Student: 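Dropping a structure here in structure tokens format, bear with me for questions.
In what follows, residues are counted from 1 in the order of the sequence shown. Reckoned from all heavy atoms, side chains included, excluding hydrogens, waters and symmetry mates. Here the structure is a predicted model, which is why all the values come from computation and not from measurement.
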Amino acid sequence: MRLASPFLLLALISRASPAGFPLAAPVADLPLPGPPSRFDYGCLDPSDGRLFLNHMGAGEVVVVDAAARKVIATLPGFSRCTGILAVPSRNEIYVSAPGAGQVAVLDSRSLKVLARMPAGRFPDGLAYDPVGQQVFVSDESGGRVHILDARAHRALGGVAMGGEVGNTQYDPVARLIYSNVQTRNQLVAIDPATRKEVARVDLPGADHNHGLCLDPERRLAFIACEGNAKLLVLDLETRKVTASFSVGGDPDVLAFDPGARRLVVAAESGPAAFFHEEGRALVKDGEQRVGANAHVVVVDPATHLLYFPLKDEGGRPLLRVLAPVSPAPGASPPARR
């Protein structure tokens with residue numbers, strides 16, 4: 001008897017969730033300042049519970065006290081801000097500002113700008129190497145990953161990718177930087193110690209792989225493909241694609257909650273997709289619409305809450321806070337409140 005492929009088995013599992021089951025329950029809607037225009041990335045600083053949201057259309061960083069659910073600052077002067085990354089060990093926030101071709105450094109306590117560094121044509125995703133204290137920046141249209149010295153706040157050069165660069169992540173287990181090359185459907189590994197490419201992985205089934213996040217403990221990479229609305233699972237040890245799932249249209253930002261072992265894929269023109277891990281396999285729980293243009297999601301691993309900044313709900317931007325629902329296998333859906 002011929003065994004079913006892992007792709008087929010996981011597809012069958014993904015259809016097994018109870019129909020109509022709410023995957024995330026509403027907690028709060030927090031009005032945000034500024035015009036109804038695009039938000040890009042966000043990040044949470046776990047040291048003080050502050051949520052940093054890049055209001056790309058307004059060129060501002062919005063700072064939210066996540067526990068109090070209160071906007072505490074709006075920071076202007078970040079031209080078309082895209083990627084954002086908190087580095088708690090340095091008390092710093094890094095902000096990509098592609099309109100100026102720079103990455104800005106904020107003091108996370110005073111919220112003052114400490115430095116601005118050149119970072120190519122269109123700096124976007126950011127990753128931090130804590131060993132070398134370096135920041136790696138996706139230069140999407142420039143086709144490079146730029147490297148910044150976090151201690152001296154200066155540019156160190158870069159690595160040519162040979163195509164448009166999607167998101168970039170740091171793997172603390174292998175001590176490698178991984179970057180999507182979205183126009184070549186590849187994932188590239190960079191050794192931060194040598195600042196050189198050490199591997200290039202073809203991604204069968206990918207089309208414009210932009211979004212990226214990792215589960216370093218289980219040696220998995222999750223890759224969102226904008227061109228065909230697919231999520232790929234890559235085994236980081238074998239560097240082979242082990243599964244593929246359909247997700248909402250134009251998937252962008254992914255959020256992985258290591259404690260709950262839950263992955264959420266936000267999509268620009270479709271619903272958010274919810275997954276959980278079983279062993280080293282990913283299981284799709286389903287999809288749920290959370291709002292128009294909901295392509296950004298941030299997870300708080302301490303509370304497991306999900307934060308979706310939405311550009312236009314009733315003529316103004318807001319932050320939608322959701323609590324994931326995790327039913328026991330075979331459980332009946334809870335009553336809606």
Student: Taking side chain as C-beta onward, heavy atoms only, is Asn293 less than 4.5 Å from Asp312?
Tutor: no
Student: Output yes when a side-chain donor or acceptor of Arg116 lies under 3.5 Å from a complementary backbone atom of Gln102, and no otherwise.
Tutor: no
Student: Tell me, please, which residues at least two apart from Arg261 pass salt bridge (charged side-chain N to carboxylate O under 4.0 Å, His left out).
Tutor: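 Glu277.
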Student: Gln288 side chain to Ala24 main-chain N or O, any donor-acceptor pair under 3.5 Å?
Tutor: yes
Student: What residues form a salt bridge (charged side-chain N to carboxylate O under 4.0 Å, His left out) with Asp171, not counting sequence neighbours?
Tutor: Arg219
Student: Kindly say whether Gly166 contributes a backbone atom to a donor-acceptor pair with the side chain of His208 at under 3.5 angstrom?
Tutor: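 Pair absent, no side-chain N/O of His208 close to backbone of Gly166.
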Student: Anything under 3.5 Å between a donor and an acceptor, one on a side chain of residues 140-148, the other on a protein residue two or more places apart or in another chain? List them.
Tutor:
{"unit_1": "Glu140", "atom_1": "OE2", "unit_2": "Gln182", "atom_2": "NE2", "d": "3.0"}
{"unit_1": "Arg144", "atom_1": "NH2", "unit_2": "Gly158", "atom_2": "O", "d": "3.2"}
{"unit_1": "His146", "atom_1": "NE2", "unit_2": "Asp139", "atom_2": "OD2", "d": "3.1"}

Student: Any ion pair linking Arg280 and Asp235 (charged N to carboxylate O, less than 4.0 Å)?
Tutor: yes
Student: Any side-chain donor paired with an acceptor under 3.5 Å for His276 and Asp285?
Tutor: yes
Student: Do Asn180 and Asn209 have a side chain donor and acceptor closer than 3.5 Å?
Tutor: yes
Student: Enumerate donor-acceptor pairs with a distance under 3.5 Å from any side-chain N or O in residues 123-137 to protein atoms, sequence neighbours excluded.
Tutor:
{"unit_1": "Asp129", "atom_1": "OD1", "unit_2": "Val131", "atom_2": "N", "d": "3.0"}
{"unit_1": "Asp129", "atom_1": "OD1", "unit_2": "Gly132", "atom_2": "N", "d": "3.2"}
{"unit_1": "Asp129", "atom_1": "OD2", "unit_2": "Gly132", "atom_2": "N", "d": "3.1"}
{"unit_1": "Asp129", "atom_1": "OD2", "unit_2": "Gln134", "atom_2": "NE2", "d": "3.0"}
{"unit_1": "Gln133", "atom_1": "OE1", "unit_2": "Arg90", "atom_2": "NH1", "d": "2.7"}
{"unit_1": "Gln134", "atom_1": "OE1", "unit_2": "Arg195", "atom_2": "NE", "d": "2.8"}
{"unit_1": "Gln134", "atom_1": "OE1", "unit_2": "Arg195", "atom_2": "NH2", "d": "3.2"}
{"unit_1": "Gln134", "atom_1": "NE2", "unit_2": "Pro192", "atom_2": "O", "d": "3.1"}

Student: Tell me if the CZ atom of Arg289 is crowded by more than 12 foreign heavy atoms within 6.0 Å.
Tutor: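 Above 12, so yes.
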Student: Under 3.5 Å, side chain of Asn54 to main-chain N/O of Gly83, donor-acceptor pair present?
Tutor: yes
Student: Which other residues end up in the same hydrophobic cluster as Leu32, if Ile, Leu, Val, Met, Phe, Trp and Tyr are linked when side-chain heavy atoms come under 4.5 Å apart?
Tutor: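 Under the 4.5 Å side-chain rule, Leu32 groups with Val27, Leu30, Phe39, Leu44, Leu51, Leu53, Val62, Val64, Val71, Val298, Leu305, Tyr307, Leu319, Val321.
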Student: May I ask you to decide if His210's main-chain N or O and Glu226's side chain share a donor-acceptor pair within less than 3.5 Å?
Tutor: no
Student: If a pair satisfies salt bridge (charged side-chain N to carboxylate O under 4.0 Å, His left out) and one of its residues is in residues 50-66, list it, with sequence neighbours excluded.
Tutor: Asp48-Arg50
